[in-house]
Amino acid sequence: MTRLSNYLLPTEKEAPADAEAVSHRLMVRAGLVRQLGAGMWTYLPAGWRVHRRVEQIIREEMDAIGCHEMLMPVLQPAELWRTSGRYAIEELFKLQDRRGAEMVLAMSHEEALTFHMAREVRSYRDLPLMLYHFQVKERDEPRPRAGILRTREFIMKDAYSFDRDEESLAISYDAQTRAYDRIFDRSGLEWYSVESDVGMMGGFGAHEYMAPCAAGENDVALSGAGYAANVEVAAATPQPVVGMPGPLESPEAVETPGAQTIAEVTGQLGVPAGALIKALPILVADEEPLLVLVRGDHRLNEIKLANALGRPVRAAGEDELERLFRAPAGFIGPVGSHVPVLADEALKGQTGMVAGANDPERHLRGVEPGRDFEPRWADVRTVEAGDTCPAGAEIRIEPAIEVANIFKLGTRYSEPLGATYLDEGGNEQLVWMGSYGIGPARIAAAAVEQFADGQGISWPRAIAPFDIELVTLGKEGEEARQVADRLYEELAAEGAEVLYDDRDINPGGKFADAELLGCPLRLTVGKRGIESGEAEVQIRRGQRKSALALDGAAKAAVELWRGLP
RNA sequence: CGGGGCGUGGCGCAGCCUGGUAGCGCACCUGCUUUGGGAGCAGGGCGUCGCUGGUUCAAAUCCAGUCGCCCCGACCA
């Protein structure tokens with residue numbers, strides 16, 4: 001029995017001054033969560049109920065595809081992470097025990113589970129396997145933010161698949177995909193899955209599940225034709241440049257004294273930014289200079305560049321510019337470059353372009369890639385709103401929270417940790433792995449973001465802290481109290497999870513708190529309704545009110561609840 | 001890692017520039033009234049002013065250091 005008079009639900013009229021994100025403000029105000037430190041959050045009872053409901057949906061769908069729940073430690077030997085090659089990660093918390101033995105706090109559990117699989121799996125007959133757990137992850141985030149959206153400690157459902165080969169991995173991956181689709185459909189979120197970056201550490205296929213909302217940390221490129229990709233990897237046809245200058249027989253120097261930025265050059269020469277070649281000095285693997293070219297109105301996408309090269313990249317520093325590129329900052333250009341040149345596909349076939357002349361006083365115009373210099377070509381620019389997707393529809397870009405990701409790991413962990421099996425022919429083979437994560441807290445936060453209104457939270461019914469909030473306007477001993485007490489029992493008998501506001505405060509305060517907390521249905525029992533034999537029911541989303549006959553009200557309310565989103 | 005901001009009762013803030021023994025709203029407690037949209041009146045409780053050191057007769061206020069928290073960017077296996 002959950003009576004508000006005997007429950008910890010500390011609501012606040014005002015949000016903490018430092019809370020910006022809608023979910024951060026509302027979850028604190030509604031009494032769901034409280035902060036303990038930077039990126040460290042406590043779930044109060046109602047908040048934890050939300051988390052557990054999300055967990056339960058995930059649990060049911062994992063179990064349904066033959067993925068089995070287990071539990072692994074957060075505290076782990078450092079040695080394991082040295083073996084996998086992940087010990088150097090800065091986000092990894094490192095510590096020592098009293099004897100000085102080195103330990104880590106796990107930020108995910110690939111090492112631990114692969115370690116076990118390496119010992120327990122021996123034969124092709126033992127595979128495939130899918131396992132998961134809900135466990136705390138610890139990450140020394142450079143910047144925790146937005147309440148429970150990005151924290152240093154959080155609970156993740158992480159599943160891992162173990163297969164004989166790539167084909168079998170594809171089947172496991174498919175099963176997980178189907179389970180994930182069902183999980184997000186059931187959660188009541190607005191969501192979609194997108195292609196994502198596979199990262200530098202191998203892997204060869206990845207999707208992220210995104211929940212669009214203002215507080216989202218990711219930008220997603222979408223089109224009406226169904227294209228959906230994280231801008232980290234999105235590819236599209238660029239918009240044409242209007243007002244391009246005509247071609248020239250050969251590049252021609254023009255005086256552009258001191259013009260260092262795109263704006264200054266376009267201003268002095270009277271050409272659109274898209275007519276310029278932006279030259280970016282890049283260091284590949286911290287040592288090799290590379291001049292990367294993008295159209296003047298485009299932005300370089302370092303992730304796409306790193307993926308195209310298969311090696312990490314970073315912008316060159318000022319001293320490295322002089323030393324390795326032998327060119328002055330701001331005036332660098334591809335014609336006569338001292339270092340290799342890589343050009344973005346958007347520059348292919350372009351004529352009449354303006355490029356730096358490696359000279360502070362002038363630029364070159366009439367430049368043609370392929371004629372005046374020979375670059376390596378790759379798609380390395382950041383997609384923009386208004387570009388065209390591969391199916392021909394216009395791209396829009398919107399922020400979204402990454403609520404889950406699925407990833408084909410391949411043999412990234414089985415190899416260093418020695419997870420192998422013997423095939424039918426008695427040959428030792430590496431196990432093929434996949435990993436599949438979901439952040440329940442992010443699902444909760446995304447739901448708050450997506451469905452909040454001026455009054456507060458409006459939970460999808462599947463993950464609300466309670467199904468129904470029952471408000472009585474009667475005090476101890478009054479009829480409205482006795483009728484509500486009875487209704488509470490009837491609702492419970494119907495299987496509803498009910499929060500009963502039996503506090504002795506003004507009606508306005510109860511209504512305001514109920515709308516702030518956002519349970520999908522509110523039932524109100526007051527003197528006025530009793531006289532006409534009715535209880536009032538309000539659907540939180542949209543705040544539509546109607547009357548239910550007190551006789552049979554519980555059944556009717558639960559029926560109504562079933563039809564809600 | 002770069003930039004910016006903030007630490008004064010549970011929450012939101014004022015006071016700091018110009019040093020003189022801490023205040024407002026909400027919340028909380030008691031009583032009476034009120035009871036379908038955050039109610040009224042009266043009374044009351046709660047503060048090492050983040051911490052340490054310095055200047056001074058005197059520090060929330062000035063100086064130095066330090067810790068914590070937030071925001072923007074970078075980063076995010």
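Chain identifiers are assigned alphabetically (A, B, ...) following the order of the sequence lines, protein sequences preceding nucleic acid strands; residue numbering begins at 1 within each chain. Only this structure's heavy atoms are used, side chains among them; waters, hydrogens and symmetry mates stay out.
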Is there a Watson-Crick or G-U wobble partner for B:U55 with both distances under 3.5 Å, and if so, which one is it? none
Across all strands shown, which nucleotide pairs with B:G7 by Watson-Crick or G-U wobble geometry, both distances under 3.5 Å? B:C67
If we count only N and O atoms by modelled type, under 3.5 Å, do the side chains of A:S5 and A:D502 hold a donor and an acceptor together? yes
NA contact type, A:P10, heavy-atom cut-off 4.0 Å: base, sugar-phosphate, or nothing? nothing
For the pair made of CZ in A:R299 and P in B:G73, what is the distance, rounded to whole Å? 12 Å
Looking at A:K527, I want to see if its NZ is surrounded by more than 12 non-hydrogen atoms of other residues, nucleotides or ligands under 6.0 Å. no
Taking OP1 and OP2 of B:C70, is either one under 4.0 Å from a side-chain nitrogen or oxygen of A:Q35? yes
Does one side chain, of A:N218 or A:E208, offer a donor that lies under 3.5 Å from an acceptor on the other? no
Which base, if any, makes a Watson-Crick or G-U wobble pair with B:A39, both distances under 3.5 Å? B:U33
Describe the nucleic acid contact of A:A512 in one word from base, sugar-phosphate, nothing, applying a heavy-atom distance below 4.0 Å. base
Under 4.0 Å: is that the gap between some side-chain N or O of A:R143 and OP1 or OP2 of B:C71? yes
Answer with base, sugar-phosphate or nothing: what part of the nucleic acid does A:E14 contact at a heavy-atom distance below 4.0 Å? base
How would you label the contact of A:G508 with the nucleic acid (heavy atoms, under 4.0 Å): base, sugar-phosphate, or nothing? sugar-phosphate
With heavy atoms under 4.0 Å as the rule, sort A:K475 into base, sugar-phosphate or nothing. base
Quote, to the nearest angstrom, the P distance that separates B:G3 from B:U8. 25 Å
Distance between the C1' atoms of B:C63 and B:G19, in whole angstroms? 13 Å
Which base, if any, makes a Watson-Crick or G-U wobble pair with B:C28, both distances under 3.5 Å? B:G44
Rounded C1' spacing from B:U48 to B:G44 in Å: 23 Å
Complement of B:G73, any strand, by Watson-Crick or G-U distances under 3.5 angstrom: B:C1
Donor-acceptor pair between A:R86 and A:S108 side chains, under 3.5 angstrom: yes
For the residue pair A:Y173 and A:H207, confirm or rule out a side-chain donor-acceptor distance under 3.5 Å. yes
Classify A:G474 by what it touches in the nucleic acid, base, sugar-phosphate, or nothing, heavy-atom distance under 4.0 Å. nothing
Please classify the nucleic acid contact of A:A88 as base, sugar-phosphate, or nothing, using heavy-atom distances under 4.0 Å. nothing
Whole-Å C1' distance, B:C16 and B:C11: 22 Å
Mark yes or no for a side-chain to base donor-acceptor pair under 3.5 Å between A:K545 and B:G37, with no hydrogen or angle criteria applied. yes
Taking B:G38 as the reference, what is the distance to B:C1 when you measure between their C1' atoms (whole Å, please)? 46 Å
Go through B:A27, B:A77, B:G37 for me and flag the one nearest to the A:K13 side chain. B:A27
Got a donor-acceptor pair under 3.5 Å from the side chain of A:R522 to the base of B:G37? yes
Considering only atom P, compute the distance from B:C26 to B:G73 and round it to an integer number of Å. 37 Å
What's the gap between B:U21 and B:G25 when it is taken at their C1' atoms, as a whole Å value? 24 Å
Mind checking A:A15 for me? I need base, sugar-phosphate or nothing, with any heavy atom below 4.0 Å counting as a touch. sugar-phosphate
State the pairing partner of B:U18; accept Watson-Crick or G-U wobble contacts with both distances under 3.5 Å, and report none otherwise. none
How far, in whole Å, is B:C32 from B:G37 if one measures between their P atoms? 24 Å
Under-3.5 Å donor-acceptor pair between A:E515 side chain and B:G37 base: yes
Could you tell me whether the phosphate oxygens of B:G38, OP1 or OP2, come under 4.0 Å of any side-chain nitrogen or oxygen in A:N506? no
With rounding to the nearest 0.5 Å, note down the distance linking CD1 in A:I148 to OG1 in A:T42. 12.0 Å
Can you tell me if A:N230 uses its side chain to pair, donor with acceptor, with the backbone of A:V233 under 3.5 Å? no
